[in-house]
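Step one of this worksheet: look at the structure below.
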Amino acid sequence: MNNWWKESVVYQIYPRSFHDSNGDGIGDLRGITQKLDYLKDLGIDVIWLSPVYQSPNDDNGYDISDYQAIMEDFGTMEDFDEMLAEAHKRGLKIMMDLVINHTSDEHQWFVEARASKDNPYRDYYIWKKGKDEKPPTNWGAAFGGSAWQYDETTEEYYLHIFSKKQPDLNWENPRLRKEVYEMMTYWLDKGVNGFRMDVINFISKDERYPDGEINATGYGDGSPYYMNGPRIHEFLQEMNREVLANYDTITVGEMPGATVEDARLYTGNTREELNMVFHFEHVDIGNGELGKWTPKQWKLTTLKKIFSKWQEGLKEEGWNSLYWSNHDQPRAISRFGNDCEAYRVLSGKMLATCLHMLKGTPYIYQGEEIGMTNVAFDSITDYRDIETLQAYEDLVNESLVSHDEMMKGIHQRSRDNARTPMQWTNEVHGGFTTGEPWIKVNENYKEINAEKVLQDPDSIFYYYKKLIQLRKENPIIVYGEYELLLEDDEQIYAYTRSWEQEKLLVVCNFTDKRPVFRLPAHIRCNQKQLMIANYLTDEEEDIHTIKLKPYEARVYLLK
Ligand code: NOJ
């Protein structure tokens, strides 16, 4: 079996915020093409492109109105073809975002579907009659309000798990499935190398449509009836048979609510579904009563337990994806490290070490490699994300949280933390655009930018580059078996990876304190070689007892 996707490092581009080539304030495809050499230099293998399809941008491209056209803001199909060819020329692969749980309400299918009950496209979506003048179920939508929208023309409701401009597709309909497979084939025939599939474990709904348990928002939780639904494996196997099996692809399914047991089924070696999944367990830690908007302190032991469960659980069957951040999550350093001046770079390197030495395919989110941080806009009017704005309205206007508390939550967890423009230089707007950016640039761009890290051999950029290089040179990093050390330690995350006669020892201090690492007695160390570290380290230092510095990370090869 060809395992290139196990040996790859993926870099996610959020095109709207990556690089603007024409000064309209919005990142675009030509902007990406101009930066391919930068990515090649970093050493990554695959680019995951967040959606670039035609879209009215209710949810920044995750609401697609034409799957086979390019969003005007981003350029033309010729620009796309050029970007793809230039990427391939450099040995970089392109993984497209595939949003097929829902479309935009402006997609031609939905325009037809809502026109009349007997329209041939009606059944491409999920329509139900109300119950006693109320929606068919009590489910809440992910972006606030009911998950059902009443449509006056035909006097029925349609389902939308996300915004009302993102109606859910009806996967029970074989004609719809066939059209989706044809569309996927179109892109693969063009030469794209795979797909990241948006909330793909939502596509099969429980056809009984029961009410859900009421939660803090006052709506019912419908997720048990649409996450990992009854026909999900059948649909994915069909998709594999009809499309994926004919190409050499990389596939990753975004799967909120997926457990390790689910992931074994989605990614198992003989299952013929997907290569890997994105689970949410580690990014959901520390969620409070109102979810991410009221965050609580999280514990390192919880994080270690989650990672270890996934490392163990997919050790024989399936494969892990590894990520700290993406366009829906805050910046990794601010969330899991420490973004104060003294520790920003150190903790960023530590987090990179901890993640890239685990077993699985690592994902780098744009800007992570230059140490970008969260943003804290003072005014809610500077935010652009539909989820953030809707949550503010629902929670503050309904007096569930105060304005101040909500802004605190937003500063920590809003998706816009990851969506401020990539910081290229110390010029105006961080060199992202010569125009007015669609969302403000983080004020710290003079201190944190790509130009600066490229000039400093000790920078976080070159640290990432080295981690990627090490992966290419040492199969133990890809294939070694994982063992957690010091399970109960609240400061140090230490583990080993074993492969043939060798062992990797990974030691990461997640705090600004100086805890002491003691090598467990069962780990033998006749010979050691320091592979990477984020402080200057004496290669000869005895590693049986190490007094760690704040956010220190070290990796040794033991023989
Ligand atoms: C997950 C995507 O990552 C997110 O950005 C989007 O809002 C939802 N799915 C809906 O497509």
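For the single chain, residues carry numbers from 1 onward in sequence order. Remember, predicted model here, so these are calculated numbers, not experimental data.
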Could you check whether any side-chain N or O of [X] sits under 3.5 Å from a backbone N or O of [Y], counting only pairs where one atom can act as donor and the other as acceptor?
X: D221; Y: E213; answer: no
X: S146; Y: G140; answer: no
X: S17; Y: R419; answer: yes
X: K93; Y: V10; answer: no
X: D284; Y: P256; answer: no
X: S414; Y: T388; answer: no
X: N275; Y: T251; answer: yes
X: N240; Y: Q237; answer: no
X: N3; Y: K6; answer: no
X: D385; Y: D416; answer: no

If we ignore angles and hydrogens, is there a donor and acceptor under 3.5 Å between the side chains of [X] and [Y]?
X: T361; Y: W5; value: no
X: N101; Y: D168; value: yes
X: Q12; Y: S50; value: yes
X: N60; Y: Y14; value: yes
X: N228; Y: Y266; value: yes
X: W4; Y: D248; value: yes

Centroid separation under 6.0 Å, is that true for the rings of [Y] and [X]?
X: Y158; Y: Y125; answer: no
X: H356; Y: Y464; answer: yes
X: Y62; Y: H327; answer: yes
X: W310; Y: Y323; answer: no
X: Y209; Y: Y225; answer: no

Tell me whether [X] at atom [atom1] has more than 12 heavy atoms from other residues, nucleotides or ligands lying less than 6.0 Å away.
X: K305; atom1: NZ; result: no
X: K299; atom1: NZ; result: no
X: Q68; atom1: CD; result: yes
X: E152; atom1: CD; result: no
X: K117; atom1: NZ; result: yes
X: K128; atom1: NZ; result: yes
X: E490; atom1: CD; result: yes
X: K165; atom1: NZ; result: yes

Please table the atom pairs, donor to acceptor, closer than 3.5 Å between any side-chain atom in residues 393-406 and protein atoms at least two apart or in another chain.
residue: D394; atom: OD1; partner: Q390; partner atom: NE2; Å: 3.3
residue: S402; atom: OG; partner: E405; partner atom: N; Å: 3.1
residue: H403; atom: ND1; partner: Y392; partner atom: OH; Å: 2.7

Between [Y] and [X], does any NZ, NE, NH1 or NH2 come within less than 4.0 Å of an OD or OE carboxylate oxygen?
X: E254; Y: R196; result: yes
X: R497; Y: E483; result: no
X: E481; Y: K359; result: no
X: R413; Y: E387; result: no
X: E182; Y: K178; result: yes

| query | Think R122 forms a cation-pi with W127, using NZ or CZ under 6.0 Å from the six-ring centre and within 45 degrees of its axis? | reply | yes

Does R384 count as lying over the ring of W438, i.e. NZ or CZ under 6.0 Å from the six-ring centre, within 45 degrees of the axis? no

Between F377 and Y383 the two heavy atoms that sit nearest each other are N-OH, 3.2 Å

- Query: Would you say the side chain of V252 lies within less than 4.5 Å of the side chain of M197, judging by non-hydrogen atoms?
  - Reply: no

- Query: Is F202 close to I161 at the side-chain level, that is, under 4.5 Å between some pair of heavy atoms?
  - Reply: yes

Sequence neighbours excluded, the answer for salt bridge (charged side-chain N to carboxylate O under 4.0 Å, His left out) partners of E317 is none

Parallel, tilted or perpendicular: rings of [Y] and [X] (30°, 60°):
X: Y121; Y: Y124; answer: perpendicular
X: W139; Y: W148; answer: tilted
X: W109; Y: Y67; answer: tilted

Kindly indicate, with the supporting measurements, whether the criterion side chain to side chain contact (heavy atoms under 4.5 Å, CB included) is fulfilled by F162 and D58.
CA-CA 10 Å; F162 294 90; D58 188 50; over 6 Å; no

From the list Y11, F195, F278, Y365, ring-ring contact (aromatic ring centres under 6.0 Å, His included) partner of W48 resolves to F278

Checking Y495, W324, F336 against F307 for ring-ring contact (aromatic ring centres under 6.0 Å, His included), the one that qualifies is W324

Result for side chain to side chain donor-acceptor pair (under 3.5 Å) between Q166 and one of D63, D59, T103 points to D59

